[in-house]
Novice: 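Okay, handing you the structure first.
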2 protein chains.
Amino acid sequence: MSNAADIAIYDTTLRDGAQREGMALSCADKLRIAQQLDALGIAFIEGGWPASNPKDAELFRRARDVPWRSATLAAFGATRRAGVPAGEDSGLTALLDAGAPVCTLFGKTSLRHVRDVLRTSPDENLAMIEDSVHWLVARGRRVIYDAEHFFDGARDDEAYAHATLRAAARGGAETIVLCDTNGGTLPWEIAQRVHAAALAVPAPIGIHAHDDTGCAVAATLAAVRAGAVHVQGTLNGYGERCGNANLTTIIPALELKLGARCVRPGALLELGRVARLVAETANLGFDEHTPYVGRSAFAHKGGVHVAAQRRSPGAYEHIDPALVGNRTRVVVSELAGRANVRAIADAHALGASDDAHARVLARIKEREADGFAFEAAEASVALMVRRAAPGYAPPFELLDYHVMTGKRAGGEPYADATVKVRIGEELVHTAAEGNGPVSALDRALCKALARFAIDVELLDYKVRIVDGRAGTAAITRVLVDVGDGVERWSTVGAAPSIVEASLCALVDAIEHGIALARTREQQRRTDEGHDRLAAR
Amino acid sequence: MSNAADIAIYDTTLRDGAQREGMALSCADKLRIAQQLDALGIAFIEGGWPASNPKDAELFRRARDVPWRSATLAAFGATRRAGVPAGEDSGLTALLDAGAPVCTLFGKTSLRHVRDVLRTSPDENLAMIEDSVHWLVARGRRVIYDAEHFFDGARDDEAYAHATLRAAARGGAETIVLCDTNGGTLPWEIAQRVHAAALAVPAPIGIHAHDDTGCAVAATLAAVRAGAVHVQGTLNGYGERCGNANLTTIIPALELKLGARCVRPGALLELGRVARLVAETANLGFDEHTPYVGRSAFAHKGGVHVAAQRRSPGAYEHIDPALVGNRTRVVVSELAGRANVRAIADAHALGASDDAHARVLARIKEREADGFAFEAAEASVALMVRRAAPGYAPPFELLDYHVMTGKRAGGEPYADATVKVRIGEELVHTAAEGNGPVSALDRALCKALARFAIDVELLDYKVRIVDGRAGTAAITRVLVDVGDGVERWSTVGAAPSIVEASLCALVDAIEHGIALARTREQQRRTDEGHDRLAAR
């Protein structure tokens with residue numbers, strides 16, 4: 001087991017992570033992510049491969065003006081080409097020119113790759129490794145050496161694999177990283193080979209795992225137990241093929257399970273936020289089932305588990321969710337009982353009888369059969385509880401809507417919407433235009449409801465086809481996230497038409513917003529009343 | 001290491017998997033999935049918990065009429081309540097009544113749970129386990145015993161934990177399954193405790209892992225190496241919180257990496273199809289980065305990897321993808337070079353010059369900046385290659401479109417669309433209605449293009465908001481999957497308006513379909529010509 005204070009985390013989200021299919025990051029995206037990683041206290045941030053991507057060269061230029069708190073920026077590159085002196089290798093000079101304090105060089109460990117891919121001799125490969133590391137070290141760079149295909153190479157010829165590591169150490173590499181480049185090595189073999197390499201090479205050892213067997217996290221933790229003190233990975237496990245080792249999962253394990261310090265104190269509480277920000281920046285959905293930080297990571301749905309958690313908090317949780325800024329949740333679904341609806345009613349300070357809760361539950365089941373899904377739309381459930389209360393009058397009612405959208409040859413697309421809304425005894429009939437049918441309706445609705453003086457902003461909008469096999473005639477489910485600057489909430493709508501489904505979710509979102517604003521207003525008046533009483 | 005031929009796979013997708021947040025399966029869904037599992041040669045299928053869910057009782061009734069090939073159905077339930085004789089426990093009688101040949105009983109291993117959740121004595125818990133197993137065995141059932149919280153319990157008091165296992169063995173359980181119910185135990189501890197339990201208990205040992213540390217697959221494989229011969233898990237790793245151990249990943253590892261036989265010969269080739277079918281049935285997106293079976297599992301994006309794979313096939317692959325019915329892919333993206341575009345042109349038998357490929361690449365980069373994403377829309381790329389060829393004339397051109405959609409109080413929603421299309425010299429102007437704006441447009445377009453006599457059916461339709469933060473005014477990206485009964489292809493569209501984006505993808509899908517039909521027709525004529533020549 002390594003010393004508790006010195007596992008260096010090396011993040012390669014911006015370089016190896018960006019190899020993920022479906023992922024593209026601009027230079028501004030990369031800088032934004034790098035600054036978040038720096039704030040977490042990640043030791044090394046690999047910015048990119050300047051010789052292979054002009055965007056990455058720009059990143060290193062712009063990074064010089066960023067006031068990094070503690071992270072060290074690393075630039076990635078390959079050892080020199082066969083038969084070319086280091087000083088004449090354009091890749092190495094580009095790496096030096098990037099100006100990052102750390103250069104991470106990858107080289108070949110496997111004789112198969114030396115022969116078939118590099119097409120050079122085993123001895124020249126050793127010289128390429130030593131020369132390249134030495135050339136950069138002689139020019140004032142710290143060098144981390146990534147031994148590509150280490151585990152496959154060592155399986156074929158361990159003596160040669162270790163010789164490549166020693167070549168890097170002779171060149172002056174400060175850390176030697178063993179890469180399971182193809183991701184096929186299982187954790188017990190990783191542990192055994194890390195242990196053997198640590199004995200064979202006079203340098204600190206690192207681990208770089210890929211998730212092709214679904215074991216990258218376990219392999220990384222096994223390597224740390226076997227002596228690795230440097231861990232490479234990516235946030236959310238992004239990376240080529242099945243992805244890299246997921247730092248979002250590894251960091252809490254190192255800190256909470258292995259007792260190793262690897263990030264700034266308090267950083268665990270921020271990890272989920274940063275992981276989501278990276279997903280959002282990359283335009284990828286965040287997997288809410290992610291260990292430790294996912295919204296579902298401590299969510300209980302089964303009635304037995306919910307009941308046991310009530311008797312013994314933590315009975316079905318492996319750690320206290322608060323340690324990673326998460327919380328225990330009870331999920332509302334068709335499997336749920338009245339207790340789950342009551343939990344939501346309580347969370348929103350809504351009373352209502354057991355009978356009302358039973359009616360809400362029946363309504364939930366009915367609507368779920370129609371394609372709704374309430375698990376991510378707590379505000380729609382809270383609204384159903386409100387509506388079930390005797391005497392509840394909705395603040396407004398949408399009567400009619402019409403949208404016209406289209407494009408004439410050579411022209412710009414247009415979208416116009418009209419809405420007719422009843423507010424108390426009055427009818428409001430108005431119109432607005434937008435970029436598409438949904439934004440036109442959203443604007444028309446906000447215009448019609450201007451008198452409520454609430455400022456509900458649409459923050460996110462997600463569309464799912466519930467039954468993909470029936471194509472556009474299937475049910476469309478829309479989830480809407482909105483906020484009013486004070487709170488943020490989510491609602492759901494479902495219908496065969498995307499416009500109808502969107503409106504259904506928007507109406508819920510606005511009605512819930514009006515209720516929230518009223519509750520806050522009442523609270524303010526009550527507080528003022530208390531203040532007046534206290535001032536007497 | 002266990003005997004290669006006897007790892008029994010126990011699938012609990014239908015019971016523990018359905019605890020996943022966002023997952024709901026009807027009785028028909030469950031039967032459909034169970035039959036697919038049976039075809040794979042999965043040894044045990046856990047159908048549900050008859051005492052807790054009336055849907056599950058129905059499943060067991062209907063399952064009696066299904067001609068199972070080789071799978072054994074299991075019903076799940078708890079040991080009898082404290083102080084109640086087994087024969088008077090409603091849960092046990094419901095379990096017996098389900099009529100499944102195997103009953104899987106879970107009981108408490110951890111003294112904390114015995115005290116705080118069951119609120120009974122350690123001795124009564126042992127009696128509850130032995131009695132309940134024995135009562136079912138005496139009535140002709142095979143019993144598998146799930147030791148809930150085994151690893152947490154053994155960490156607190158190993159002697160008592162082992163005593164609970166021995167109680168189950170005395171009752172007649174045929175297999176004792178060690179459950180890491182809270183999912184917090186790391187693989188090396190799993191291995192050590194499985195080994196100790198196997199020595200302490202005279203019965204075959206199984207493993208049931210959860211993914212709360214992202215190590216469920218590794219923990220399961222470690223347990224098998226330590227002597228477990230029975231593996232519980234779910235397809236796609238569905239399950240409560242972070243999910244259960246993912247059988248989609250474990251089965252290939254057992255067969256290909258550990259040399260253990262656990263499914264029918266040839267089943268590995270079907271695994272990806274079944275995993276997607278389960279996702280589709282559950283209305284959940286399939287993770288295409290899943291090890292072994294994901295579309296991205298052997299996809300290469302980085303230029304260096306693509307080049308090395310060409311020099312040495314398999315250089316960046318841990319197994320031959322064909323073993324799991326998968327294939328090597330090259331991904332087109334803004335990082336891609338001309339070689340990637342050429343690979344797609346070749347796959348579609350499109351010639352075109354290097355210069356044309358360079359123009360297509362430039363166009364791809366331009367459109368990706370506008371919000372398009374071509375990685376999952378190969379047909380849109382193929383179409384760009386066609387359009388870049390000199391003399392290509394599109395079979396039709398969409399000039400104008402208009403959609404009206406809305407609802408009047410008390411009425412049904414309506415959606416009418418008109419399209420004006422140029423086909424050669426002729427203008428076709430027509431209209432159709434649909435469930436929503438997109439289906440109305442799809443129908444109007446098909447009507448206008450009826451003369452091409454192609455039958456393009458919309459199979460799936462996916463919508464993404466590219467920048468969620470700007471709400472409905474953000475770019476909407478639509479991916480369309482279509483088929484014509486012979487082939488299946490995907491296209492992409494992106495625009496601020498969902499209607500505009502959908503149309504863009506639909507037009508590509510139809511234009512590609514017309515090209516495909518023409519190519520097939522030419523091929524047919526050529527073949528006929530050859531046949532005529534051969535017949536002379």
Side-chain angles (χ1 to χ4, degrees), chain A residues 19 21-22 24 116-117 182-184 187 212-215 217-218 240-243 249 253 283 289 291 296-297 299 301-302 308 311-312 315-316 318 331 334 375 399-406 408-409 413 435-436 438-439 442 458 460-461 463 465-466 468 471-473 496-500, chain B residues 19 21-22 24 116-117 182-184 187 212-215 217-218 240-243 249 253 283 289 291 296-297 299 301-302 308 311-312 315-316 318 331 334 375 399-406 408-409 413 435-436 438-439 442 458 460-461 463 465-466 468 471-473 496-500:
Chain A
Q19 296 294 316
E21 189 170 4
D116 295 348
V117 179
N182 295 4
D212 298 75
T213 66
C215 294
V217 169
E240 198 160 35
R241 306 187 313 269
C242 308
T249 307
N283 276 330
H289 298 269
S296 298
K301 178 166 160 182
R311 285 188 172 189
S312 174
Y316 286 86
H318 70 115
V331 174
E334 54 157 2
E375 295 184 359
L399 300 177
D400 301 354
Y401 73 87
H402 303 278
V403 193
M404 285 144 291
T405 180
R408 217 173 263 290
N435 292 303
V438 179
S439 72
D442 179 38
L458 200 47
D460 203 354
Y461 173 76
V463 181
I465 305 302
V466 178
T472 43
S497 158
I498 192 171
V499 170
E500 180 83 10
Chain B
Q19 297 294 316
E21 187 170 6
D116 295 348
V117 179
N182 296 3
D212 298 75
T213 65
C215 294
V217 169
E240 198 159 36
R241 304 186 314 267
C242 309
T249 307
N283 277 330
H289 299 269
S296 298
K301 178 167 160 183
R311 285 188 172 188
S312 175
Y316 286 86
H318 70 116
V331 173
E334 54 157 2
E375 296 184 358
L399 300 176
D400 301 353
Y401 73 88
H402 303 279
V403 194
M404 286 144 291
T405 182
R408 218 173 262 290
N435 293 301
V438 179
S439 73
D442 179 38
L458 201 46
D460 203 354
Y461 173 77
V463 182
I465 306 302
V466 178
T472 42
S497 157
I498 192 171
V499 170
E500 180 83 8

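Chain A is the first sequence line, chain B the second, and so forth, proteins listed ahead of strands; every chain is numbered from 1. Quick caveat, the model's predicted, so the values are computed rather than measured.
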Novice: Counting heavy-atom pairs under 4.5 Å with chain A, which one of G183(B), P413(B), A253(B), G243(B) comes out on top?
Specialist: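 Top option by heavy-atom pairs under 4.5 Å: P413(B).
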Novice: What are the two closest heavy atoms between A315(B) and N182(A), and how far apart are they?
Specialist: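 Shortest heavy-atom separation between A315(B) and N182(A) comes out as O-ND2, 3.1 Å.
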Novice: Heavy-atom pairs under 4.5 Å with chain A - which of T213(B), I498(B), D116(B) has more of them than the others?
Specialist: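 Top option by heavy-atom pairs under 4.5 Å: T213(B).
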Novice: In chain order, what residues pass the salt bridge (Lys or Arg N to Asp or Glu O under 4.0 Å) check against D400(A), with sequence neighbours excluded?
Specialist: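 K420(A), R408(B).
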Novice: On a heavy-atom basis, which atom in N435(A) and which in P496(B) lie closest, and how many Å separate them?
Specialist: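 Looks like CB-CB, 3.8 Å.
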Novice: Which residues satisfy the ring pair (Phe, Tyr, Trp, His ring centres under 6.0 Å) test with H402(A), sequence neighbours excluded?
Specialist: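 Expected list: Y414(B).
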Novice: When heavy-atom pairs shorter than 4.5 Å are enumerated against chain B, which of E500(A), H289(A), M404(A) gives the highest number?
Specialist: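 When all of E500(A), H289(A), M404(A) are compared, H289(A) has the most.
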Novice: Top residue by heavy-atom pair count (under 4.5 Å) with chain A, among A409(B), S497(B), G184(B), C242(B)?
Specialist: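 Among the listed options, the one with the most contacts to chain A is C242(B).
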Novice: Which one wins on heavy-atom pair count under 4.5 Å against chain A: S312(B), P187(B), S296(B), C215(B)?
Specialist: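 Most heavy-atom pairs within the cutoff with chain A belong to S296(B).
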Novice: So, for P291(A) and G214(B), which heavy atoms are closest and what is the spacing to 0.1 Å?
Specialist: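 Result for this residue pair: CG-N, 3.5 Å.
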